[in-house]
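Order of the sequence lines fixes the chain letters, A, B, ..., with proteins taken first and strands second; residue numbering starts at 1 for each chain. The structure displayed is predicted, hence computed values, not measured ones.
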Number of protein chains: 2
Amino acid sequence: MSEQLGPRPAARQAGAGRAQRVTMADVAAKAGVSRTLVSLILRDQPGAGAATRDRVLRAADELGYRPDSAAQMLARGRSRTLGVMLDLDQPFHAEMVKAVYPIAERLGYDVLLSAVAPGRDERRALGALLGHRCEALVLLGSDADARLLASLAESAPTVVVGRKAGAPGVDSVRTAETKGVRQAVDHLVELGHRRIVHIDGGKGPGSSDRRSAYRAAMRRRGLAEEVRVIPGAHDEDAGIAAGTLLLGEESPPTAVLAANDRCALGLMHALRGGRVEVPGEVSVVGYDDSHLSHLSHINLTTVRQDTESIAEQAVRCAVERLEHAALPGRDVALDPKLIVRATTAPPRRNLLIEASTN
Amino acid sequence: MSEQLGPRPAARQAGAGRAQRVTMADVAAKAGVSRTLVSLILRDQPGAGAATRDRVLRAADELGYRPDSAAQMLARGRSRTLGVMLDLDQPFHAEMVKAVYPIAERLGYDVLLSAVAPGRDERRALGALLGHRCEALVLLGSDADARLLASLAESAPTVVVGRKAGAPGVDSVRTAETKGVRQAVDHLVELGHRRIVHIDGGKGPGSSDRRSAYRAAMRRRGLAEEVRVIPGAHDEDAGIAAGTLLLGEESPPTAVLAANDRCALGLMHALRGGRVEVPGEVSVVGYDDSHLSHLSHINLTTVRQDTESIAEQAVRCAVERLEHAALPGRDVALDPKLIVRATTAPPRRNLLIEASTN
DNA sequence: GTTCATGATGAGAACGGTCTCTCGCTCCAT
DNA sequence: ATGGAGCGAGAGACCGTTCTCATCATGAAC
C-alpha cells in the first residue's frame, strides 16, 4: 500500500508527472472572474458582457480547457448522451453508427458505443451504457427478449433497430421488409424468373418478416407453387451451404434471394466455385447494400436499407421519448429500395443444369 | 426527503415519468446504514460486518442499484476507463476490440469506444474519449501525425496499434512485420516459387515496413532480381486492380503476397474471374487472418497477427504508463504466425499463361 | 434625488459517489 | 482497573460542473 501523508495520495500520484486536469476554476482565476460566469459563457448563454466573454474564452483556450463530462452529467442531471449497442462484425451496424453520429450531434447529443462480443453479452454491453449514464439506448440487431427490453425501458428510452420490439414502451425502427422483398421478387419476375428461392436468415432480426414477405410476394405473382425457403443465416457460411446444396440439384432455381449481403456473397462464391455463372445462370439478390456489395468485383443487386433515415428515425424516437416521457411504443417502418447491379439478369434456360453436371 | 418546493425543477422534469435513478443513499436508507458503508461494501473492501454486508447487498439488488460512473469518476479523480479509437470498417479493429474488452476488465478498467467516420475525424473521435475522461487512449490504425500524437500524450497515455508511433512518450504495439513477411516468403520459396510479387498497402499503417521486409526476405533467399512490388491498398479494390493487371501479363508471377486479407480477396476474385486457379496456378497469401479468411470457401493462407497478444500488450502499456507516469516510449513488436490454408501450393509451370490466353 | 428595472457578477447548494478521519466498542495484555 | 489495539460504523469534505438566487452597479423614470 502507499504511505499516507497527504489527502488521497493515491489519486494524486496516479496522474503524477502528467499535467493536472484544467478545471473551470483555473479558467476563472486566469480570467479574473467567478466559476459561475465561466460556466455561463462556455455554455453560450446570455448574461455576460462581450469583453468578459472574450477574455474568458481566450483564457479557456490558452489553458486547453476541456469540460469534464462526468461533472457535467452529475450537475445537470442529464448526460445528453445516447448509447448505441452494436455488433462489430456486422457491416450494417457500422453503417448505422456512421449515420447516427452526425444526427445525434445535430440534436446536441453525444454518442457512446458498446459492442457485444464473445464473453460480453447484450446485458453487459447495455449495463456499461447505462452505467455511463446514457439517457437513451439504441440497440442494433438485438436478440434481447421482451422481458429484458421491458426492464431496460424502465431505466431509459429504448429503440430497437431492425426488428419489431415486441415489448411495450419500446420503439422500433426497421425496414418495411414486405416492400423490399416484394421489389426484389418483382424485379426477378419481370426479368423472366419463376423459380426463385429464398435463403432465410434463421432467427436473426427481421428474417421471419422477410420470409413471410417472400411468400406473399410470390403468391401475388401467381408463383405460390414455386415458393421455397432454404434455412440459412446472416453470414457467408450459410450462403455457401445453400450454394452447395443447390449445385447438387437436378433442376435448381434460376434466382436466389439471400438473407443478406454476406449470405449472398457466400452463395455466389459457392456457385462460381461450381462453375455456375452469376448472373448468367443464376441471379442473386442480396439484402443490406453494405459496402461489400458496392465493390466492383461483386456488384451485387441488393435491397438497400435506408441507413440514413433509419438512423435519423431511431435517434428521433429516442430523443422524443426522452422529452415527452411516456409515449406509446412506436414502430416505424421505412421503405427500402432495390439497387439493381450486375448479379441479376434474365434466366438462360437449362444452362445451369448443364454446367452443374460438368 | 426532497418534497421541498423544487430546487432545479427543470432537471427533475426532464426525466419525468421515468423512475428516478436509484442512488447509494436509497440503498443506505433501505438497509439502515450510512452511505459510506454502502460504498465500502459495494466496492468489496474490508471493514464491514458480514451481516451488514449481506443486508446492504440485498437492498442494492432489490432496488436495482447501478453505480453512477460519472459520480465515481468525479469522486475518485480517476475514471478507470480506457478509450479505444477505431475504424468500424476494419475487421481487424473489430477483432482487437473483442480482445481488449476482457483484458481491460481483468485489470479493472472500463472501455469506451469511439469511431472515426466520415465527418468525424480522429481529432473529434479522440476529443470525445478525452471528454468522457478516458485515462488512456488506444488508437487502432491511426493516421495521426507526430504532432497530434505528442499533444495527445500530454493529456493521456497513448498507445498506437499497428504502426510505429514516431512521437516521444507514445507507445506502440505492432506486429514484427519482418518476421511475418519472411515466414510467408519462406513458405512460398519452399513450395518452389521464385516469382513472388508483393501488393503493398500504400500509405496504410505498417505497409512500408512490410514492403521493405518483403525485399529483405527475397534477397535473403537469393531472389533479389525477382523482387516486384505492385502499389496497392488495404481493400478489395486494390486486389482486383492488381489481379487485372497480372491477368494481362505474359509471364505473371506464380505467387502473390497481398497487403492484407481484403486485398487478397479482391485479388483472388479477379484471378478466378479470369479463370486462373488459386492455388493451382497462382498461390495467394494474405495478411491479418481476419474472420474473412477463416471462411470455408476462402480458406486463405495468411499471416496471423496475434490479436490477443497485441491487445494485451496495448492495454498493459497504457495501464503501466498510467501508473508509472513518464516511462520512455516503448515499441513492442510481436511475432506473427503464418497460417497455412488452402490458397498456397507448389507452382505448376506455364499453366497460368495458357489459362490467361484462353 | 430616490426608485426601479436591467444586466453583469458572485456565492453556495446540489449532483452521486469516494475517501480520510474520528468515534465507540470489545478484547486482551499489563 | 488502565491503556491501547482492532474493528465496525458514521461524519463530512471533496471532485468539477450547473443552477438558483442574491448582490451590485448603472442609468432611465418619476
Atom-pair distance (CG on A/Asp26; P on D/dC15), nearest Å: 11 Å
Touch class at under 4.0 angstrom, heavy-atom based, for A/Thr52 against every strand present: sugar-phosphate
Side-chain donor or acceptor of A/Tyr101 paired with backbone N/O of B/Ala115 under 3.5 Å: yes
First of B/Arg66 and A/Pro46 reached from the 5' end of DNA chain C, by closest nucleotide: A/Pro46
Touch class at under 4.0 angstrom, heavy-atom based, for B/Gly49 against every strand present: sugar-phosphate
N-O pairing of A/Arg330 and A/Glu320 below 4.0 Å: yes
Value in whole Å for how far the P atom of D/dA11 lies from CE of B/Met24: 13 Å
Atom-to-atom span, CZ of B/Arg78 to P of D/dG16 - whole angstrom: 15 Å
Within residues 33-43 of chain A, residues whose heavy atoms come under 4.0 Å of DNA chain C: A/Val33, A/Ser34, A/Arg35, A/Thr36, A/Leu37
Separation of atom CZ in B/Arg21 from atom C1' in C/dG16, rounded to whole Å: 9 Å
Residues that B/Ala25 engages under side chain to side chain contact (heavy atoms under 4.5 Å, CB included), provided they are two or more places apart: B/Thr23, B/Arg35
Between C1' of D/dT18 and CG of A/Asp44, the distance in whole Å: 15 Å
Comparing B/Ala48 and B/Arg133 on DNA chain D - which has the more 5′ nearest nucleotide: B/Ala48
Interatomic distance where CG belongs to B/Asp68 and P belongs to D/dC15 [whole Å]: 18 Å
A/Ser69 (side chain) donor-acceptor with A/Pro67 (main chain) under 3.5 angstrom: no
Gap between atoms CG and C1', on B/Leu74 and C/dG17 respectively (whole Å): 8 Å
Sugar-phosphate, base or nothing in reach of B/Arg53, heavy atoms under 4.0 Å: nothing
Verdict with reasoning, A/Glu135 to A/Arg76, per salt bridge (Lys or Arg N to Asp or Glu O under 4.0 Å): CA-CA 12 Å; A/Glu135 294 188 275; A/Arg76 275 205 272 252; over 6 Å; no
Residues B/Arg21, B/Asp26: salt bridge by 4.0 Å N-O rule: no
Separation of atom CE in A/Met73 from atom P in C/dG17, rounded to whole Å: 14 Å
Pairs meeting criterion side chain to side chain donor-acceptor pair (under 3.5 Å) with involvement of residues 48-65 of chain B, two or more places apart: B/Lys30-B/Glu62
